[in-house]
Amino acid sequence: MWIPAGRSWWRGRGLAPWASGSVRTGLPRSRPAPTAAAAAESRAPHRPYGSAELKEKPDMSRFPVEDIRNFSIIAHVDHGKSTLADRLLELTGTIDKTKNNKQVLDKLQVERERGITVKAQTASLFYSFGGKQYLLNLIDTPGHVDFSYEVSRSLSACQGVLLVVDANEGIQAQTVANFFLAFEAQLSVIPIINKIDLKNADPERVEKQIEKVFDIPSEECIKISAKLGTNVESVLQAVIERIPPPNVHRNNPLKALVFDSTFDQYRGVIANVALFDGMVSKGDKIVSAHTLKTYDVNEVGILVPNEQPTHKLYAGQVGYLIAGMKDVTEAQIGDTLYLHKHPVEPLPGFKSAKPMVFAGMYPIDQSEYNNLKSAIEKLTLNDSSVTVHRDSSLALGAGWRLGFLGLLHMEVFNQRLEQEYNASVILTTPTVPYKAALSSAKLIKDYREKEITIINPAQFPDKSKVTEYLEPVVLGTIITPDEYSGKIMGLCQTRRAVQKNMTFIDQNRVMLKYLFPLNEIVVDFYDSLKTVSSGYASFDYEDAGYQTAELVKMDILLNGNIIEELTTVVHKDKAYSVGKTICERLKDSLPRQLFEIAIQASIGSKIIARETVKAYRKNVLAKCYGGDISRKMKLLKRQAEGKRKLRKIGNIEVPKDAFIKVLKAQPNK
Ligand code: GDP
Ligand code: MG
């Protein structure tokens, strides 16, 4: 059975806000071209609505709706979104121009370390053009598929996008995915070909791809180097000329969309808002359409890119608002805020993000449970796309089962827990949300009464109680140079994928569409794809419902004791090879001990794979003869520290990272 689903419903689009009825095109709408005088003025040195005035609470009433442009930068990972944002911030005097401005909107430590954007960031820019000063609200977005929920939410506050494409790499899988998010939200798309300074840049080829795949005439492409700043000024002018102002009314009562939120320990929830109608200022009484709770507005302002309080925010503007909300449930993303006693029809909001992988999370030591609990609570306030259920396990104690948008999302969450909250955890094997139709259920007119979703392998129901198991599937897009397509098709076949489509986007680049079982791609497909294509292929996917599958639960045992964090659900045909590889990997990551260790993979009572770790014990102190006390102390200390990272399974001491090593390279072949 295969249940098709609408395009990317899990991505939470569902809102074509402020849609001014415009269809996607980069061309100017019926607005007149700037006059010669205006053009001359625009060439004059730009005097930003200066930093001095900004510091004195900028007067937002200076910006009527027709002088506002709200736009996002979207692109495949590494095509230069954040670098372009840096140049736009500099050019408009929002930040000082220095050599050190590198992805300034990537504020999180994990973003800076990994060089990726995981959280959308807003910045208001002031820009003079044609004798007028404009207010431009820019939202920089992440490119990775796991974070496309961030992209779709950001788009709800925009009327247009800059679609950035690398002049060397051309259109990639996430370029296509992000383009369609913007297209479906009916936003104007301005194609930007970036990195024209690169030796191998071929902007003409990329122009042709854009014409072929997105049906945008090549003369609409703007060729720039974000790194060097070449031609970036014309991007700002295109924003003004090609993106329409928001279609909103200042005289209507307040209607504000909460499109993002962050949590500050001292000030509570800071809501990012887009004003669809009306205005809001400090001291206003506002109501949440979601909870009907009333709040006093303590502060409103804009992001430049840090918070800058203002007297008011007006319809069409994008900024932040603090109103004493203390809890994530109070600041629901997608909520509509309105003035007390002036209720409005709420905006449609967002569909909630759909988790694609689940994993158990436990404190290494149960005494750390409360600390970890509060760390997870705080972090989820800043990342509402993580779902949290309380969970417990015999071996691991009390913990949680968390749902993530993908594996990168899970890794980033884990890294943020460690870096921002100093919490260290045990993570179990990630699993996708399987379903089972229970045989005790009655079939009432095709409607299966008892279909359960299994997000924890420990709760996998026995075959005797089930009529069928179902697994989630996704529609994957792969873009690759033609020469690798043979190998890639081979790889897809080993992942139980079914080819749906194949098109050439230029003479030697092909776009492949495959239907994949989600569990086949969630962990390491991307790495394998990069390997078989020498790094040239890119990949993106969207939800495509469920299909029936023959699934089994597989346990991994150490000397007969089940390792709960490694229990998985696998496809029957793959159980043997997956079990064998896990045992082999585990053998490599377990230190020898005083006795022999048997590593086994089992399905029910049947052992399907086995490896052995021979007995041996390394005693670090044995070598430590003589009087070197300080060295001895150091070693003792290190050994004690090491112990804290050990977990006991039966009488076997297992280093905490042993399982993570096994999981990281999760075999799936
Ligand atoms: P993002 O993932 O789309 O936000 O991309 P980034 O802005 O983080 O840029 C990815 C990499 O490309 C960084 O190393 C940038 O320095 C580099 N880059 C961005 N724009 C240009 C450009 O115009 N020319 C060159 N040569 N490199 C660029
Ligand atoms: Mg970025």
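Note that ligands are numbered from 1 as they come in the structure, with each ligand's atoms numbered from 1 the same way. What you see is a predicted model; the values in this text were computed from it and never measured.
- Side-chain contact, D260 with N272: no donor N or O sits under 3.5 Å from an acceptor N or O.
- In this structure, the salt bridge (charged side-chain N to carboxylate O under 4.0 Å, His left out) partners of D67, at least two apart in sequence or on a different chain, are K132.
- At a heavy-atom distance under 4.0 Å, only side-chain atoms of L198, from C-beta outward, approach ligand 1.
- Taking every heavy atom of Q103 and a limit of under 4.0 angstrom, the matching atoms of ligand 1 come to 6 (P), 7 (O), 8 (O), 9 (O), 13 (C).
- Checking N501, T477, T503 one by one against K513, the side chain to side chain donor-acceptor pair (under 3.5 Å) holds for a single residue, T477.
- Ligand 1 has no N or O atom lying under 3.5 Å from any N or O atom of A75, backbone or side chain.
- In this structure, the side chain of D146 engages the main chain of L408 through a donor-acceptor pair within 3.5 Å.
- Salt bridge E211/K208: absent, no basic N to carboxylate O contact under 4.0 Å.
- Residue N194 holds the heavy atom nearest to atom 20 (N) of ligand 1 of all those in D197, N194, T230.
- With sequence neighbours left out, the side-chain hydrogen bond (donor to acceptor under 3.5 Å, both in side chains) criterion links E169 to H79.
- When P142, A85, S82 are checked for heavy-atom proximity to atom 4 (O) of ligand 1, S82 turns out nearest.
- Interface of T83 with ligand 1, defined as ligand atoms under 4.0 Å from a residue heavy atom, comprises 6 (P), 7 (O), 9 (O), 15 (C), 19 (C), 20 (N).
- Among the atoms of G80, some N or O lies under 3.5 angstrom from an N or O of ligand 1.
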